[in-house]
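Sharing a structure below in structure tokens format, with a few things to ask.
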Amino acid sequence: MTGPMTGPITGRTLRVALLGCGVVGSQVARILTEQADDLTARIGARPEIVGIAVRRPQRSRDVPVDPALFTTDAHALVTRGDVDVVVEVIGGIEPARSLILAALESGASVATANKALLAEDGATLFAAAEKAGRDIYFEAAVAGAIPILRPLRESLAGDRVRRVLGIVNGTTNFILDRMDSTGAGFSEALEEAQELGYAEADPTADVEGFDAAAKAAILASLAFHTRVTVADVHREGITDVSAADIASARDMGCVVKLLAICDLTDGDGGSMVSARVHPAMIPLSHPLASVREAYNAVFVESEAAGQLMFYGPGAGGAPTASAVLGDLVTIARNRLDEVRGVGESTYAQCAIRPMGETRTRYHVAIDVDDRAGVLASVAQVFAEHDVSIQTVRQEGRDDDAELVIVSHTAADAALAATVQGLRELAAVRDVTSVMRVEGEAE
Ligand code: HSE
């Protein structure tokens, strides 16, 4: 069989307004233009860009569109009344939120890549879409090109997801991967990431975990049919991860990754949800350990399906545009059929479990005096906090020793208190590495 698979082509035009023409927006415009025939066949109507809102319309851009389409008046563009789909790729909270709300009120559906806005105030956007009877899709907001939100919202809607474990930030994965493969420290690896264009000049959003925390909130909301905002996500970045931590992980057959971890657990009054972002050791045998460089992956554990992994490029113009255009095609088909896609699903209304109550394991490396009774005093601190030790390894040096202790699963607060107690022991010279351990059977 040759030629595109066509449905009925209506002769109608599908009017698209683009907000932003940067790294992602320019690729959306390019693919929409270059692949217009295929997209027409798939949608059943010809997509046409009717305007592109940018801050600097005169700036030279390598985008195959009529320069007359560029405008600085984004509000006028989204409220002109004849736009079918607004694609928002400017990011940030404002003016993106006001523009999306105005677009929905004016009858347009929306495709957005705006993780920060969805994680902070998704509820307002979903309510506006519901009121307007329009769609809001956002596949590109988490893990770039990787189809993960639609699988959680639709494909897994008949299953019960218990855990989502993701590497959802490419910049930090690149840095940690470089630290692991070259022995470099954090600053050196960050510098290399900046030189290669993986990290921004101001890397705060990535290295401090803000970007991953927004994505964790979105993943937890969809996976568990409840509302989780970025304020509910415990966040720790990778700036304190040292070459010693990475070496310690290696010795244990592990690798360090910045993980977004979303869990559904039983609580006294019903199911509870936790969402956290922090560096953690995972065993080399875990599928996420093989996610190298700037790639992303999301590992999902659900009751019926078991373990699933979604892998691919989590950033970049064309990969992110791929996700945006997938949304655009779905939204466009819905417009033609005069139906709406899946809206927000928050019926479960789970309470948020505080970080101190989440259960994890700790790896602790300490320099201690090498003399009788030290190991007993260290073990006593664990016992005082009701934390069970899984393994202890000791390497002797001249007059001191390094102890590497891995705990069994315990409440995070108890583990943190244990580390605090160790720091106060006279026999402990230094706590050289503390890191959570995830993704491993006890
Ligand atoms: N800065 C992000 C990353 C991509 O490094 O993965 C956009 O979310």
Side-chain angles (χ1 to χ4, degrees), residues 19-28 87-93 96 111-120 122 137-149 164-179 186 189-222 230 233 235-239 241 256-262 275 277-279 288 291-299 310-327:
L19 304 181
C21 198
V23 176
V24 178
S26 58
Q27 291 301 314
V28 170
V87 173
E88 185 272 307
V89 282
I90 48 179
I93 306 299
T112 174
N114 196 327
K115 66 210 153 228
L117 177 54
L118 285 156
E120 184 173 306
Y137 274 68
F138 46 97
E139 184 63 67
V142 178
I146 304 175
I148 178 61
L149 302 190
V164 179
L165 203 59
I167 295 172
V168 292
N169 183 271
T171 305
T172 46
N173 203 51
F174 179 88
I175 292 169
L176 292 172
D177 186 45
R178 272 296 187 274
M179 290 174 73
F186 168 77
L190 169 62
E191 232 168 75
E192 189 187 350
Q194 284 171 321
E195 273 162 24
L196 294 172
Y198 288 115
E200 314 246 349
D202 176 359
T204 311
D206 293 315
V207 299
E208 296 292 0
F210 290 101
D211 175 81
K215 292 166 178 169
I218 297 169
L219 288 169
S221 302
L222 298 184
V230 70
V233 181
R235 176 189 56 77
E236 293 170 30
I238 64 162
T239 51
V241 176
V256 177
K257 297 288 185 190
L258 181 71
L259 296 180
I261 305 170
C262 312
V277 166
H278 55 69
L288 286 175
V291 179
R292 306 281 311 270
E293 302 192 330
Y295 280 90
N296 282 196
V298 183
F299 191 76
F310 302 80
Y311 170 86
T320 309
S322 164
V324 170
L325 285 158
D327 282 352

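These numbers come from the heavy atoms of this one structure, side chains and all, not from hydrogens, waters or symmetry mates. First listed ligand is number 1; within each ligand, the first listed atom is number 1. For the single chain, residues carry numbers from 1 onward in sequence order.
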remark   = Within 4.0 Å of some non-hydrogen atom of Asp211, the atoms of ligand 1 are 2 (C), 7 (C), 8 (O)

inquiry  = Does the residue Lys215 have a heavy-atom contact with ligand 1, meaning some pair of atoms that are separated by less than 4.0 Å?
reply    = yes

Shortest protein heavy-atom distance from atom 6 (O) of ligand 1, along with the residue and atom involved = Gly170 N, 2.6 Å

key: Numbering as shown, the atoms of ligand 1 that approach Ala315 to under 4.0 Å (heavy-atom distance)   = 4 (C)

task = Considering heavy atoms of the protein only, find what lies nearest to atom 7 (C) of ligand 1 and give residue, atom and distance to 0.1 Å.
result = Lys115 NZ, 3.3 Å

task = Among all protein heavy atoms, pick out the one at the shortest distance from atom 5 (O) of ligand 1; state its residue, atom name and that distance to 0.1 Å.
result = Thr171 OG1, 2.5 Å

key: Separation of Lys215 NZ from Leu149 CG (nearest 0.5 Å)   = 11.0 Å

query = Are the side chains of Thr171 and Pro203 in touch, meaning some heavy atoms are under 4.5 Å apart?
reply = no

message = Are Leu219 and Val168 packed together at the side-chain level, in the sense that at least one heavy-atom pair is separated by less than 4.5 angstrom?
response = yes

request  = Check whether any side-chain N or O of Glu139 sits under 3.5 Å from a backbone N or O of Ile148 as a donor-acceptor pair, and report yes or no.
outcome  = yes

request  = Count the heavy atoms of every other residue, nucleotide or ligand shown that sit under 6.0 Å from CZ of Phe186, and state whether that count exceeds 12.
outcome  = yes

query = Under a 4.0 Å heavy-atom limit, does Asp206 contact ligand 1 with its side chain, its backbone, both, or neither?
reply = side chain

query = Roughly how far, to the nearest 0.5 Å, is the CG atom of Leu165 from the CG atom of Leu259?
reply = 5.0 Å

